[in-house]
Amino acid sequence: MNFLNKKTTWTNWEFIPLKLCIASAYLLIGMYFYEYVKAYKWPLIALFGVTWVISMYWWIKKMRNEN
């Protein structure tokens, strides 16, 4: 189980989708408590999904290139 022990390098532009993914997940969790954020539920779910797929694709690509 050395999967989590591997080191990779990331540029700043590669962190943008990862940060958007984390931020949109945070807002989705926070949306449970605030009514005025519920209007943005589906755009946030879409943003989370797209940025999650991009982040996972880049991460797996980097892991394969380093091995």
Side-chain angles (χ1 to χ4, degrees):
M1 193 82 190
N2 292 330
F3 184 69
L4 298 175
N5 294 334
K6 305 252 184 208
K7 291 187 178 183
T8 61
T9 56
W10 293 76
T11 60
N12 286 334
W13 69 271
E14 289 174 325
F15 270 121
I16 292 171
L18 182 63
K19 288 180 182 181
L20 283 174
C21 178
I22 293 168
S24 59
Y26 178 74
L27 287 174
L28 284 171
I29 293 168
M31 182 174 57
Y32 180 75
F33 301 104
Y34 296 103
E35 287 292 324
Y36 65 90
V37 182
K38 285 190 178 183
Y40 304 106
K41 179 180 180 179
W42 295 112
L44 288 174
I45 289 172
L47 179 65
F48 172 74
V50 169
T51 55
W52 181 78
V53 169
I54 292 170
S55 299
M56 291 299 108
Y57 172 75
W58 282 345
W59 186 38
I60 291 170
K61 185 177 173 185
K62 283 184 164 294
M63 296 294 283
R64 287 184 181 167
N65 287 341
E66 289 184 3
N67 291 333

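These numbers come from the heavy atoms of this one structure, side chains and all, not from hydrogens, waters or symmetry mates.
One hydrophobic cluster holds both Val53 and Met63 under the rule that ILVMFWY side chains link at heavy-atom gaps under 4.5 Å.
By the ring pair (Phe, Tyr, Trp, His ring centres under 6.0 Å) test, Trp13 is found to be paired with Trp58, residues two or more places apart in sequence or in another chain being considered.
For the atom pair CG (Leu44) and OH (Tyr26), the distance works out to 13.0 Å, reported to the nearest 0.5 Å. Distance CD1/Ile54 to CD1/Ile16: 10.5 Å, rounded to 0.5 Å. One distance of note links CD1 of Ile22 with OG of Ser55; it measures 7.5 Å at 0.5 Å rounding. One finds the CZ atom of Phe48 at 7.0 Å from the OG1 atom of Thr51 (value rounded to the nearest 0.5 Å). Atoms CG and CH2, from Leu18 and Trp59 in turn, are 10.0 Å apart once rounded to the nearest 0.5 Å.
Between Ile45 and Trp42, some side-chain heavy-atom pair lies under the 4.5 Å cut-off.
For the side-chain contact (heavy atoms from CB on, under 4.5 Å) with Trp52, the lone residue among Cys21, Ser24, Pro17 that qualifies is Cys21.
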